[in-house]
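Since the structure comes first, as C-alpha coordinates, the remarks are kept for the end.
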Amino acid sequence: MTRQGEGPCPAPLLGPDGTAVNDKYFFVHQPLKGNGGITARVADMTGQIRLPDAEPGVRNVQEGVVPWAKAGLLVRQSLQRGTPYAAVMLTGDHGVRMQYNYLHDMPGGPHNGPRWLRLTRSGDTISGYESDDGRTWTEVGTVKLTGLPETVEIGLFVTSPGVLWDMAKAFAQATATFDQITPQGANGSWRHDDVGAVLESDGRTPHHPGGVVESGDRLIVTGGGDIGPATVEGGMRADLMLIGGALGLIPVLVAAVTFFTADHRRGRIACRPGGWRPRPRWSVRSRSWRGWSPRESWSPPAWRCCAPIRTRSSRSPWVPRCG
(Lines give C-alpha, C1' and ligand atoms only; values in the text may rest on other atoms or scores of the structure.)
Protein backbone atom coordinates (compact mmCIF):
# COMPACT_ATOMS: atom_id res chain seq x y z
CA MET A 1 0.00 0.00 0.00
CA THR A 2 1.02 3.60 -0.51
CA ARG A 3 0.09 6.70 1.47
CA GLN A 4 -1.80 9.69 0.08
CA GLY A 5 -0.79 13.21 0.99
CA GLU A 6 1.99 15.70 0.60
CA GLY A 7 5.55 14.55 0.23
CA PRO A 8 8.07 13.43 -2.37
CA CYS A 9 6.66 11.59 -5.36
CA PRO A 10 7.44 7.85 -5.32
CA ALA A 11 9.42 6.24 -8.10
CA PRO A 12 7.20 4.95 -10.93
CA LEU A 13 6.08 1.33 -10.83
CA LEU A 14 7.77 -0.61 -13.63
CA GLY A 15 6.34 -3.52 -15.61
CA PRO A 16 8.17 -6.60 -16.97
CA ASP A 17 9.88 -4.63 -19.78
CA GLY A 18 10.82 -1.62 -17.65
CA THR A 19 7.92 0.58 -18.76
CA ALA A 20 6.08 2.67 -16.14
CA VAL A 21 2.73 1.02 -15.42
CA ASN A 22 -0.39 1.19 -13.26
CA ASP A 23 -1.28 -1.90 -11.25
CA LYS A 24 -4.20 -1.24 -8.90
CA TYR A 25 -7.33 -3.41 -8.66
CA PHE A 26 -9.36 -5.64 -6.35
CA PHE A 27 -8.56 -9.34 -6.72
CA VAL A 28 -10.52 -12.38 -5.49
CA HIS A 29 -8.21 -15.30 -6.15
CA GLN A 30 -6.94 -18.80 -5.44
CA PRO A 31 -3.56 -20.43 -6.06
CA LEU A 32 -3.36 -22.55 -9.22
CA LYS A 33 -0.61 -25.18 -9.34
CA GLY A 34 0.14 -26.40 -12.83
CA ASN A 35 -2.45 -26.27 -15.59
CA GLY A 36 -6.07 -25.21 -15.10
CA GLY A 37 -8.30 -22.20 -15.45
CA ILE A 38 -11.44 -20.41 -14.36
CA THR A 39 -14.85 -19.74 -15.91
CA ALA A 40 -17.36 -17.12 -14.75
CA ARG A 41 -20.13 -14.90 -16.03
CA VAL A 42 -20.01 -11.13 -15.57
CA ALA A 43 -23.71 -10.72 -14.86
CA ASP A 44 -23.79 -6.99 -14.13
CA MET A 45 -21.51 -3.98 -13.99
CA THR A 46 -22.27 -0.68 -12.28
CA GLY A 47 -20.18 2.07 -10.79
CA GLN A 48 -19.76 5.50 -9.27
CA ILE A 49 -18.22 8.61 -10.84
CA ARG A 50 -17.45 11.93 -9.22
CA LEU A 51 -18.59 14.81 -11.44
CA PRO A 52 -18.00 18.57 -10.98
CA ASP A 53 -19.75 19.80 -7.85
CA ALA A 54 -23.25 21.14 -8.54
CA GLU A 55 -23.11 22.96 -5.19
CA PRO A 56 -19.86 24.41 -3.85
CA GLY A 57 -18.33 22.10 -1.28
CA VAL A 58 -20.82 19.25 -1.87
CA ARG A 59 -19.35 16.15 -3.53
CA ASN A 60 -21.26 15.23 -6.67
CA VAL A 61 -20.98 11.43 -6.99
CA GLN A 62 -23.35 9.77 -9.44
CA GLU A 63 -23.91 6.31 -10.86
CA GLY A 64 -21.86 5.62 -13.95
CA VAL A 65 -19.17 3.43 -15.48
CA VAL A 66 -16.12 4.81 -17.31
CA PRO A 67 -15.23 3.30 -20.72
CA TRP A 68 -12.13 1.50 -19.47
CA ALA A 69 -13.61 0.07 -16.28
CA LYS A 70 -12.62 -3.60 -16.30
CA ALA A 71 -14.21 -6.69 -14.76
CA GLY A 72 -13.04 -10.17 -15.58
CA LEU A 73 -10.63 -13.02 -15.01
CA LEU A 74 -6.97 -12.61 -14.19
CA VAL A 75 -3.94 -14.88 -13.85
CA ARG A 76 -0.63 -13.50 -12.69
CA GLN A 77 2.78 -14.59 -11.55
CA SER A 78 2.27 -13.18 -8.07
CA LEU A 79 0.55 -10.37 -6.17
CA GLN A 80 3.69 -8.24 -6.42
CA ARG A 81 2.78 -5.18 -8.45
CA GLY A 82 4.34 -4.90 -11.89
CA THR A 83 4.73 -8.65 -12.40
CA PRO A 84 3.54 -10.49 -15.56
CA TYR A 85 -0.18 -11.17 -15.97
CA ALA A 86 -2.88 -11.97 -18.50
CA ALA A 87 -6.58 -11.15 -18.24
CA VAL A 88 -9.80 -11.48 -20.20
CA MET A 89 -12.39 -8.88 -19.30
CA LEU A 90 -15.57 -7.02 -20.03
CA THR A 91 -15.08 -3.24 -20.16
CA GLY A 92 -17.38 -0.31 -19.58
CA ASP A 93 -17.62 0.64 -23.24
CA HIS A 94 -14.95 -1.20 -25.23
CA GLY A 95 -16.45 -4.67 -25.26
CA VAL A 96 -14.52 -7.81 -24.36
CA ARG A 97 -10.72 -7.51 -24.32
CA MET A 98 -7.74 -9.70 -23.56
CA GLN A 99 -4.80 -7.78 -22.15
CA TYR A 100 -1.41 -8.85 -20.84
CA ASN A 101 1.77 -7.38 -19.38
CA TYR A 102 0.28 -3.85 -19.23
CA LEU A 103 1.01 -2.87 -22.85
CA HIS A 104 -0.77 -5.45 -24.98
CA ASP A 105 -4.44 -5.63 -25.96
CA MET A 106 -6.57 -7.90 -28.15
CA PRO A 107 -10.22 -7.03 -28.89
CA GLY A 108 -13.04 -9.52 -28.54
CA GLY A 109 -16.72 -8.99 -29.25
CA PRO A 110 -18.29 -5.51 -28.93
CA HIS A 111 -20.42 -6.55 -25.97
CA ASN A 112 -21.41 -4.35 -23.05
CA GLY A 113 -23.94 -6.63 -21.35
CA PRO A 114 -23.72 -9.89 -19.39
CA ARG A 115 -20.96 -12.12 -20.76
CA TRP A 116 -19.37 -15.47 -20.00
CA LEU A 117 -15.58 -15.45 -19.77
CA ARG A 118 -12.96 -18.19 -19.49
CA LEU A 119 -9.23 -18.06 -18.83
CA THR A 120 -7.01 -21.15 -19.11
CA ARG A 121 -3.38 -21.93 -18.39
CA SER A 122 -1.23 -24.59 -20.05
CA GLY A 123 2.38 -24.15 -19.04
CA ASP A 124 3.38 -20.62 -20.04
CA THR A 125 0.43 -20.29 -22.44
CA ILE A 126 -2.66 -18.35 -21.33
CA SER A 127 -5.86 -18.32 -23.43
CA GLY A 128 -8.96 -16.17 -23.04
CA TYR A 129 -12.45 -16.98 -24.29
CA GLU A 130 -15.93 -15.44 -24.34
CA SER A 131 -19.42 -16.88 -24.75
CA ASP A 132 -23.05 -15.84 -24.99
CA ASP A 133 -24.38 -18.87 -23.14
CA GLY A 134 -21.50 -20.69 -21.44
CA ARG A 135 -21.65 -23.53 -23.96
CA THR A 136 -20.28 -22.22 -27.27
CA TRP A 137 -16.96 -20.43 -26.86
CA THR A 138 -14.97 -18.00 -29.01
CA GLU A 139 -11.26 -17.46 -28.42
CA VAL A 140 -10.34 -13.84 -27.71
CA GLY A 141 -6.60 -14.42 -27.66
CA THR A 142 -3.68 -16.58 -26.59
CA VAL A 143 -0.43 -15.26 -25.11
CA LYS A 144 2.77 -16.68 -23.72
CA LEU A 145 4.03 -15.47 -20.34
CA THR A 146 7.57 -16.80 -20.35
CA GLY A 147 8.86 -18.02 -17.03
CA LEU A 148 5.57 -18.41 -15.14
CA PRO A 149 6.16 -20.32 -11.89
CA GLU A 150 4.41 -23.62 -11.28
CA THR A 151 1.99 -21.94 -8.86
CA VAL A 152 0.23 -18.74 -9.96
CA GLU A 153 -2.71 -16.71 -8.67
CA ILE A 154 -5.97 -16.89 -10.64
CA GLY A 155 -9.38 -15.37 -10.04
CA LEU A 156 -11.75 -12.43 -10.52
CA PHE A 157 -10.77 -8.77 -10.67
CA VAL A 158 -12.39 -5.35 -10.97
CA THR A 159 -10.78 -1.96 -11.53
CA SER A 160 -11.77 1.46 -12.85
CA PRO A 161 -9.62 4.44 -13.87
CA GLY A 162 -10.62 7.90 -12.73
CA VAL A 163 -12.54 10.44 -14.80
CA LEU A 164 -11.22 13.74 -16.13
CA TRP A 165 -12.47 17.15 -15.10
CA ASP A 166 -10.59 20.35 -14.38
CA MET A 167 -7.53 18.59 -15.85
CA ALA A 168 -7.20 16.37 -12.79
CA LYS A 169 -8.20 12.85 -11.89
CA ALA A 170 -11.54 12.42 -10.12
CA PHE A 171 -12.84 9.38 -8.30
CA ALA A 172 -14.41 6.47 -10.20
CA GLN A 173 -15.10 2.94 -9.03
CA ALA A 174 -16.73 -0.11 -10.64
CA THR A 175 -18.74 -2.97 -9.16
CA ALA A 176 -19.28 -6.26 -11.01
CA THR A 177 -21.44 -9.25 -10.14
CA PHE A 178 -19.87 -12.60 -11.02
CA ASP A 179 -21.84 -15.85 -11.03
CA GLN A 180 -21.51 -19.37 -12.47
CA ILE A 181 -17.94 -19.33 -11.11
CA THR A 182 -16.04 -22.54 -11.82
CA PRO A 183 -12.30 -22.85 -11.06
CA GLN A 184 -10.47 -25.72 -12.79
CA GLY A 185 -7.41 -26.95 -10.93
CA ALA A 186 -7.38 -24.14 -8.37
CA ASN A 187 -7.96 -25.15 -4.79
CA GLY A 188 -8.56 -23.58 -1.44
CA SER A 189 -10.78 -20.78 -0.23
CA TRP A 190 -11.08 -17.43 -1.97
CA ARG A 191 -8.54 -14.82 -0.92
CA HIS A 192 -9.25 -11.10 -1.17
CA ASP A 193 -6.63 -8.44 -1.91
CA ASP A 194 -6.99 -4.73 -2.64
CA VAL A 195 -3.81 -4.61 -4.71
CA GLY A 196 -2.13 -1.21 -4.80
CA ALA A 197 -4.54 0.33 -2.30
CA VAL A 198 -3.65 3.88 -1.20
CA LEU A 199 -3.86 4.85 2.46
CA GLU A 200 -5.08 8.14 3.85
CA SER A 201 -2.61 10.42 5.62
CA ASP A 202 -3.26 8.56 8.90
CA GLY A 203 -1.47 5.55 7.40
CA ARG A 204 -4.31 3.17 8.31
CA THR A 205 -7.49 4.05 6.43
CA PRO A 206 -7.74 2.92 2.78
CA HIS A 207 -8.63 5.68 0.31
CA HIS A 208 -11.67 4.53 -1.74
CA PRO A 209 -11.21 0.86 -0.76
CA GLY A 210 -12.41 -2.03 -2.88
CA GLY A 211 -14.18 -5.07 -1.52
CA VAL A 212 -16.17 -8.21 -2.15
CA VAL A 213 -19.57 -9.46 -0.97
CA GLU A 214 -20.47 -13.14 -1.20
CA SER A 215 -24.15 -13.74 -1.96
CA GLY A 216 -25.01 -17.38 -2.56
CA ASP A 217 -23.01 -18.51 -5.58
CA ARG A 218 -22.32 -14.90 -6.60
CA LEU A 219 -19.38 -12.68 -5.81
CA ILE A 220 -19.97 -8.91 -5.99
CA VAL A 221 -16.59 -7.26 -6.43
CA THR A 222 -15.79 -3.52 -6.23
CA GLY A 223 -12.51 -1.97 -7.29
CA GLY A 224 -10.82 1.17 -8.54
CA GLY A 225 -7.54 1.95 -10.25
CA ASP A 226 -6.15 0.50 -13.46
CA ILE A 227 -3.97 -2.26 -14.89
CA GLY A 228 -2.08 -0.87 -17.85
CA PRO A 229 0.55 1.65 -18.93
CA ALA A 230 1.11 4.68 -16.74
CA THR A 231 0.16 8.10 -18.04
CA VAL A 232 2.69 9.62 -20.39
CA GLU A 233 3.98 13.17 -20.27
CA GLY A 234 1.44 15.70 -21.44
CA GLY A 235 -1.59 14.12 -19.80
CA MET A 236 -2.52 11.47 -22.37
CA ARG A 237 -3.22 8.05 -20.94
CA ALA A 238 -0.74 5.54 -22.30
CA ASP A 239 -3.33 2.76 -22.26
CA LEU A 240 -5.01 4.57 -25.12
CA MET A 241 -2.05 3.39 -27.20
CA LEU A 242 -2.12 -0.27 -26.18
CA ILE A 243 -0.20 -2.51 -28.56
CA GLY A 244 -2.37 -4.74 -30.72
CA GLY A 245 -5.76 -3.05 -30.41
CA ALA A 246 -7.36 -0.15 -32.29
CA LEU A 247 -7.34 1.92 -29.11
CA GLY A 248 -5.33 4.97 -30.11
CA LEU A 249 -7.07 8.19 -29.15
CA ILE A 250 -6.44 11.78 -30.21
CA PRO A 251 -6.25 14.42 -27.43
CA VAL A 252 -8.18 17.54 -28.32
CA LEU A 253 -7.47 20.61 -26.20
CA VAL A 254 -10.29 23.13 -26.02
CA ALA A 255 -11.32 24.01 -22.48
CA ALA A 256 -10.45 20.48 -21.40
CA VAL A 257 -9.13 17.30 -22.92
CA THR A 258 -11.65 15.07 -24.68
CA PHE A 259 -10.71 11.71 -26.06
CA PHE A 260 -12.25 9.87 -29.00
CA THR A 261 -11.59 6.18 -29.69
CA ALA A 262 -10.50 4.85 -33.05
CA ASP A 263 -14.04 3.62 -33.56
CA HIS A 264 -15.23 7.18 -33.04
CA ARG A 265 -12.81 8.45 -35.65
CA ARG A 266 -14.55 6.16 -38.12
CA GLY A 267 -17.71 8.23 -37.65
CA ARG A 268 -19.28 6.65 -34.58
CA ILE A 269 -19.05 9.32 -31.92
CA ALA A 270 -21.11 8.05 -29.04
CA CYS A 271 -21.66 4.86 -27.12
CA ARG A 272 -23.85 1.80 -27.58
CA PRO A 273 -26.60 0.67 -27.09
CA GLY A 274 -29.32 2.44 -29.06
CA GLY A 275 -27.13 3.46 -31.98
CA TRP A 276 -24.21 5.87 -32.19
CA ARG A 277 -25.20 9.46 -31.63
CA PRO A 278 -23.87 12.60 -29.93
CA ARG A 279 -24.86 13.19 -26.33
CA PRO A 280 -24.56 15.90 -23.66
CA ARG A 281 -21.08 16.42 -22.27
CA TRP A 282 -21.80 15.20 -18.74
CA SER A 283 -24.48 12.58 -19.35
CA VAL A 284 -23.76 9.52 -17.22
CA ARG A 285 -25.02 5.99 -17.12
CA SER A 286 -27.99 5.96 -14.77
CA ARG A 287 -28.17 2.18 -14.62
CA SER A 288 -25.89 -0.67 -15.58
CA TRP A 289 -25.15 -1.26 -19.28
CA ARG A 290 -26.53 2.11 -20.42
CA GLY A 291 -25.10 5.07 -22.33
CA TRP A 292 -22.79 7.37 -20.40
CA SER A 293 -20.41 10.31 -20.63
CA PRO A 294 -18.34 10.51 -23.83
CA ARG A 295 -15.34 11.66 -21.84
CA GLU A 296 -12.59 9.09 -21.45
CA SER A 297 -10.70 8.33 -18.26
CA TRP A 298 -7.49 10.14 -17.47
CA SER A 299 -4.92 10.15 -14.69
CA PRO A 300 -1.88 12.32 -13.94
CA PRO A 301 1.58 11.14 -15.08
CA ALA A 302 2.87 8.38 -12.82
CA TRP A 303 6.15 10.20 -12.40
CA ARG A 304 4.44 13.50 -11.57
CA CYS A 305 2.09 12.54 -8.77
CA CYS A 306 1.77 16.10 -7.48
CA ALA A 307 -1.06 17.06 -9.83
CA PRO A 308 -2.71 20.50 -9.55
CA ILE A 309 -6.05 20.00 -7.83
CA ARG A 310 -8.62 22.62 -6.81
CA THR A 311 -12.21 22.27 -5.67
CA ARG A 312 -14.99 24.07 -7.52
CA SER A 313 -15.72 26.15 -4.44
CA SER A 314 -12.20 27.59 -4.24
CA ARG A 315 -11.01 30.80 -5.88
CA SER A 316 -7.46 30.27 -4.69
CA PRO A 317 -4.61 29.41 -7.11
CA TRP A 318 -3.99 25.81 -8.06
CA VAL A 319 -2.13 24.07 -5.26
CA PRO A 320 0.01 20.99 -6.02
CA ARG A 321 -0.94 18.00 -3.90
CA CYS A 322 0.20 14.39 -4.14
CA GLY A 323 -2.50 11.77 -4.75
(request) Look up atom CZ in Arg59 and atom CG in Leu51, then write down how far apart they are to the nearest 0.5 Å. (result) 11.0 Å
(request) Nearest 0.5 Å please: distance from the OG1 atom of Thr138 over to the CZ atom of Arg118. (result) 11.5 Å
(request) For the pair Lys70 (side chain) and Ile227 (backbone), establish whether a donor and an acceptor sit closer than 3.5 Å, ignoring hydrogens and angles. (result) yes
(request) Check Leu117 against Leu90 and note the closest heavy-atom contact, atom names and distance. (result) CD1-N, 4.0 Å
(request) For the residue pair Pro114 and Met45, establish whether any side-chain heavy-atom pair is separated by less than 4.5 Å. (result) no
(message) I'd like to know whether the aromatic ring centres of Trp190 and His29 sit less than 6.0 Å apart in this structure.
(response) no
(request) Would you mind reporting whether Ile220 and Thr175 have side-chain heavy atoms less than 4.5 Å apart? (result) yes
(message) Donor-acceptor check, side chain of Asp193 to backbone of Val195, threshold 3.5 angstrom: yes or no?
(response) no
(message) Using 30° and 60° as the class boundaries, would you call the ring planes of Trp116 and Trp137 parallel, tilted or perpendicular?
(response) perpendicular
(request) Indicate the atoms forming the closest heavy-atom contact of Gly82 with Pro16, along with that distance. (result) O-CD, 3.4 Å
(message) Quick check: closest heavy atoms across Arg121 and Gly123, and the distance to 0.1 Å?
(response) NE-O, 2.7 Å
(request) Say whether, by atom type as modelled, one donor and one acceptor occur between the side chain of Glu130 and the main chain of Gly109 under 3.5 angstrom. (result) yes
(message) For the aromatic rings, using the six-membered ring if either is Trp, is the centroid distance between His208 and Phe171 under 6.0 Å?
(response) yes
(message) Tell me the closest heavy-atom pair linking Ala86 and Met98, and the distance in Å.
(response) CB-CE, 4.4 Å
(request) Kindly indicate whether the side chain of Arg81, heavy atoms from C-beta on, has any atom under 4.5 Å from the side chain of Val21. (result) no
(message) Are the side chains of Arg76 and Thr83 in contact, using a 4.5 Å heavy-atom criterion?
(response) yes
(request) In sequence, state the C-alpha distance, the side-chain angles, and the governing distance for Phe27 and Leu79, and then conclude on side-chain contact (heavy atoms from CB on, under 4.5 Å). (result) CA-CA 9 Å; Phe27 195 21; Leu79 295 184; 3.6 Å; yes
(request) Begin with the C-alpha distance, continue with both residues' side-chain angles, and end with the deciding distance and a verdict on side-chain contact (heavy atoms from CB on, under 4.5 Å) for Ile49 and Val61. (result) CA-CA 6 Å; Ile49 299 174; Val61 177; over 6 Å; no
(message) Once rounded to the nearest 0.5 Å, what's the spacing between atom CG of Leu219 and atom CD1 of Ile181?
(response) 4.0 Å
(request) Would you check, one step at a time, whether the test side-chain hydrogen bond (donor to acceptor under 3.5 Å, both in side chains) holds for Ser131 with Asp133? (result) CA-CA 6 Å; Ser131 173; Asp133 54 15; 3.2 Å; yes
(request) Please examine the side chains of Val28 and Phe157, heavy atoms only from C-beta on, and report whether any two atoms are closer than 4.5 Å. (result) no
(message) Nearest 0.5 angstrom please: Ser127 OG to Lys144 NZ, how far?
(response) 12.5 Å
(message) For residues Tyr85 and Leu14: do they belong to one hydrophobic cluster (side chain heavy atoms under 4.5 Å, members Ile, Leu, Val, Met, Phe, Trp, Tyr)?
(response) no
(message) What I'd like to find out is whether the side chain of Pro149 reaches to under 4.5 Å of the side chain of Gln77, using heavy atoms alone.
(response) yes
(message) Checking the side chain of Thr151 only, and the main-chain atoms of Lys33 only, is there a donor and an acceptor separated by less than 3.5 Å?
(response) no
(request) For Asn60 and Pro52, indicate whether the former's side chain and the latter's backbone hold a donor-acceptor pair under 3.5 Å. (result) yes
(message) Please identify which of these residues, Leu32, Leu73, Val75, meets the side chain to side chain contact (heavy atoms under 4.5 Å, CB included) condition with Ile38.
(response) Leu73
(request) Kindly give the heavy-atom pair with the smallest separation between Pro161 and Val66, and that separation in Å. (result) O-CG2, 3.7 Å
(request) Please report the closest heavy-atom contact between Phe178 and Val158, naming both atoms and the distance. (result) CE1-CG2, 3.8 Å
(message) Tell me whether Arg97 contacts the main-chain N or O of Gln99 through its side chain, where contact means a donor paired with an acceptor under 3.5 Å.
(response) no
(request) Could you tell me whether a side-chain N or O of Thr159 sits under 3.5 Å from a main-chain N or O of Gly225, the two making a donor and an acceptor? (result) yes
(request) Identify whether Val143 and Leu148 are in the same connected component of the hydrophobic contact network (ILVMFWY, side-chain heavy atoms under 4.5 Å). (result) yes
(message) Leu199 vs Thr205, test: side-chain contact (heavy atoms from CB on, under 4.5 Å). Steps then yes/no.
(response) CA-CA 5 Å; Leu199 298 179; Thr205 307; over 6 Å; no
(request) Quick one: pull up CG in Asp226 and OH in Tyr25 and give me the separation to the nearest 0.5 Å. (result) 12.0 Å
(message) Would the distance check show the side chain of Asp124 and the main-chain N or O of Gly147 forming a donor-acceptor pair, the cut-off being under 3.5 Å?
(response) yes
(request) Report yes if some heavy atom in the side chain of Thr142 is under 4.5 Å from a heavy atom in the side chain of Thr125; otherwise report no. (result) yes
(message) Tyr102 vs Asp23, test: side-chain hydrogen bond (donor to acceptor under 3.5 Å, both in side chains). Steps then yes/no.
(response) CA-CA 8 Å; Tyr102 309 95; Asp23 200 9; 2.9 Å; yes
(request) Answer yes or no: is there a side-chain heavy-atom contact under 4.5 Å between Leu74 and Leu156? (result) no
(message) Under the criterion side-chain contact (heavy atoms from CB on, under 4.5 Å), I'd like the reasoning laid out for Thr46 against Asp44: C-alpha separation, chi angles, the key distance, then a yes or no.
(response) CA-CA 7 Å; Thr46 59; Asp44 189 33; 3.7 Å; yes
